[in-house]
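Worth saying up front: this structure is predicted, and the values here are computed from it rather than measured. Numbering of ligands and ligand atoms starts at 1, following listing order.
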Amino acid sequence: MLKLRLSICLASAIACCPSITAQPLRQLTDQRGILLGAAADPSHLTEAPYADTLAREFSQLEPENAMKFGPIHPGPSTYNFGPADALVSFARGHNMSVRGHTLVWHNQLPSWVTNGNYSTTQLSGILHDHINAVAGRYAGQVYAWDVINEAFNDNGTLRGTIWSDSPGIGLPGTAYMEQALRWAHEADPQALLFYNDYNAEPVNSKSDAIYKMAQDFLSRGVPLHGIGMQTHFSSRPGSLASIESNIKRITDLGLQVQFTELDVRLPVDSSGNATAADLATQAQVYHDIFALCLKFPLCTAIQTWGFTDKYSWIPGAFPGNGAALEFDRAYQPKPAYTSIQSALQTSPPVISAAALTSAASYANNAVSPGELVVLFGATFGPASLALSQPDASGKIPTQFSDTRLLFDDAPAPILYARVGQTAAVVPFSVAGHANTKVEYEYQGVRSNPVIVNVAPTQPGLFTLDSSGQGPGATLDASFRLNSQTNPAGTGDVILLYSTGGGVTMPASVDGEIPVVAPFPLVSARVTANIGGVDCPVQYSGGAFGLVAGVIQINVQLAPSIPFGQQPISVKIGDATSQSGVTVWVR
Ligand code: XIL
């Protein structure tokens, strides 16, 4: 009997309780460039396993109730900031981001608002003051607000609420939401402002209405930055393809998408337990939502509504259901936890051709041999910036920090890598090709391929800031920066730095930092123009200490150049550098 009990125990331990690996989920989501959040309640922070799990596994928290109108603004001139403050300070202490929830909602309103018989004018003032006080207090601490929650009915019509039309704040249709967004933006100009709702994950009447409103708001400059998908699912979540189409159309507008209140409720017995089969189905749903988010660079956060089955709104709101979260009531990870891990570790990074740009001009129409490029937005990579070093022979590595960038299967030298931003030098082997297949790889997981045009040359001048415009990174012959106080004069030689020079003579070696002259010269003809006047180019090619991919161009100022801040451009072969770069002339 004892023996039997022991083996059942072991079997169930293996089946039910995957161990927490050395890498908590928040480390994995850091590598995916997304935030992993949980709704939290300050009253549980004194419970050690609650606080420990929250801080260890999550990079974001959101007050489950503490920032709602009723709890935070219980009397006309009474604010109860304490509980929300406790969560904000916990988040700060554990380097977590805070989402604010929510400013305009029909639920959890205090009775002084609902029973006040206020006029529209008075309600408008009440809502304005409320948004101003709450968003204003947490400015700089809350990075994103669910400004509006659940304002549409499932059939896509506007929900009638005290704020919209009963009696409302006096603005018809979606105008009251526009007003709330503008007020929130005034109170905290840095915060990302979201519209948040449920049952609007797939394409349906409600998500159509939200999409239409978002399009309208964006076309008129209303401060809306994202759409929150609550994602309160059962184990039959409906069509993933339809959710994907909806995320695609929203992110195509340039808006962020965040999964804000994810949970997957299951039927439970009287002790709150779900079946193993249901837990496995639930794990798959969690996996699918994470994998879906990782397909979109603009899907920026996933948050579960709580994190332990010990504290979840589900049993109260959906009697007979529970077990909806990724940790069980004893804070042990459930199969859902393991499947989230695996989605984060195995979903391919996603890249787009338009996100591969010149590191100097940010042109994204083509790449040229040896060009220094930056790939933005890849959805998997080192969590923090890693700068590569040349090896003993002066070469930049082509595999760095588990990252590779391949051009027709040739790995490019990597200068730095961080999730969402990788700099590399286009291999010279693309020379002569019309286009090249670019793939990105992190920890051996390969992205989708994208096809990028190859130009023989694509000059981009380096500028002083990362805009690709404005004052060029131009030196005088003594290597001092050209500036208003150090302008160049007629006959002076200035040194410009560019990328996209194309092939060189003799051929450059990929990733090599030249240490001794002679340096390879740009093969194509190079000309320069300052203030509308053609100027002689004395030298164009490699330079001491510059990685192949960056070239130096020495230009002598022609006599007739006008004074002041003058536009400067270079032409390499048939291609001209970006406009908007300047040099100071005296
Ligand atoms: C729920 C909380 O989880 C409960 O504790 C509270 O009693 C009611 O509200 N959609 C939302 C959340 O936007 O604010 C709700 O939170 C769940 C549904």
Side-chain angles (χ1 to χ4, degrees), residues 37-45 47 50 54 58 60-74 80 83-84 86-87 98-111 113-114 130-131 134-135 138 142 144-154 158-159 161-164 177 180-181 184 192-201 206-207 210 226-234 237 257-266 268 272 289 301-327 329:
D41 186 325
S43 68
H44 307 316
L45 289 177
E47 192 180 325
Y50 184 94
L54 184 59
F58 298 92
Q60 167 180 295
L61 64 75
E62 173 170 312
E64 182 169 349
N65 292 295
M67 287 184 178
K68 290 172 180 172
F69 205 129
I72 208 166
H73 193 172
N80 178 28
L87 286 171
V98 180
R99 264 189 119 259
H101 176 82
T102 176
L103 298 169
V104 184
W105 193 28
H106 59 280
N107 277 334
Q108 290 179 269
L109 290 170
S111 57
V113 170
T114 47
H130 175 78
I131 291 176
V134 178
Y138 296 108
V142 162
W145 269 106
D146 286 332
V147 177
I148 304 134
N149 200 30
E150 305 180 349
F152 287 98
N153 295 310
D154 283 354
L158 217 57
R159 187 194 289 270
T161 74
I162 192 168
W163 308 120
S164 68
M177 294 191 248
L181 288 163
L192 298 174
L193 306 183
F194 279 72
Y195 176 89
N196 191 53
D197 214 328
Y198 64 94
N199 281 358
E201 295 83 10
K206 195 191 256 188
S207 67
I210 295 167
I227 303 296
M229 313 258 174
Q230 288 190 7
T231 326
H232 294 295
F233 279 178
S234 71
V257 164
Q258 300 192 335
F259 289 96
T260 52
E261 304 184 12
L262 175 60
D263 52 21
V264 181
R265 61 183 176 271
L266 301 175
V268 290
I289 293 298
I302 305 177
Q303 177 169 264
T304 51
W305 204 239
F307 57 93
T308 165
D309 290 337
K310 187 172 181 184
Y311 304 115
S312 161
W313 76 305
I314 291 295
F318 299 88
N321 290 267
L325 292 162
E326 64 272 50
F327 289 91
R329 279 165 293 165

From the candidates Met67, Gln108, Lys68, the one that places a heavy atom nearest atom 16 (O) of ligand 1: Lys68
Ligand 1 atoms in contact with His101 (distance to a heavy atom under 4.0 Å): 11 (C), 12 (C), 13 (O), 14 (O)
Numbered atoms and elements of ligand 1 in range of Trp105, under 4.0 angstrom, heavy atoms: 14 (O)
Nearest non-hydrogen partners of Ala39 and Phe307, listed with the distance: O-CD2, 4.5 Å
Protein heavy atom at shortest distance from [atom]:
| atom | answer |
| --- | --- |
| atom 3 (O) of ligand 1 | Glu64 OE2, 2.4 Å |
| atom 7 (O) of ligand 1 | Asn65 OD1, 4.2 Å |
| atom 11 (C) of ligand 1 | Glu261 OE1, 3.0 Å |

Side chain Ser164, main chain Arg159, donor-acceptor under 3.5 Å: yes
Name of the residue among Trp305, Tyr138, Phe69, Trp145 meeting ring-ring contact (aromatic ring centres under 6.0 Å, His included) with His101: Trp305
With backbone taken as N, CA, C and O and side chain as the heavy atoms from C-beta onward, which portion of [X] lies under 4.0 Å from ligand 1: side chain, backbone, both, or neither?
| X | answer |
| --- | --- |
| Asn149 | side chain |
| Asp146 | neither |
| Tyr198 | neither |

Output field: ring centroids His130/Trp163 closer than 6.0 Å: no
Between Trp313 and His232, ring centroids under 6.0 Å: yes
Salt-bridge contact Asp154-Lys206 (side-chain N to carboxylate O under 4.0 Å): yes
Min N/O separation Gln230 to ligand 1 under 3.5 Å: yes
Residue among Ile210, Thr260, Val147, Ile148 satisfying side-chain contact (heavy atoms from CB on, under 4.5 Å) with Asn196: Thr260
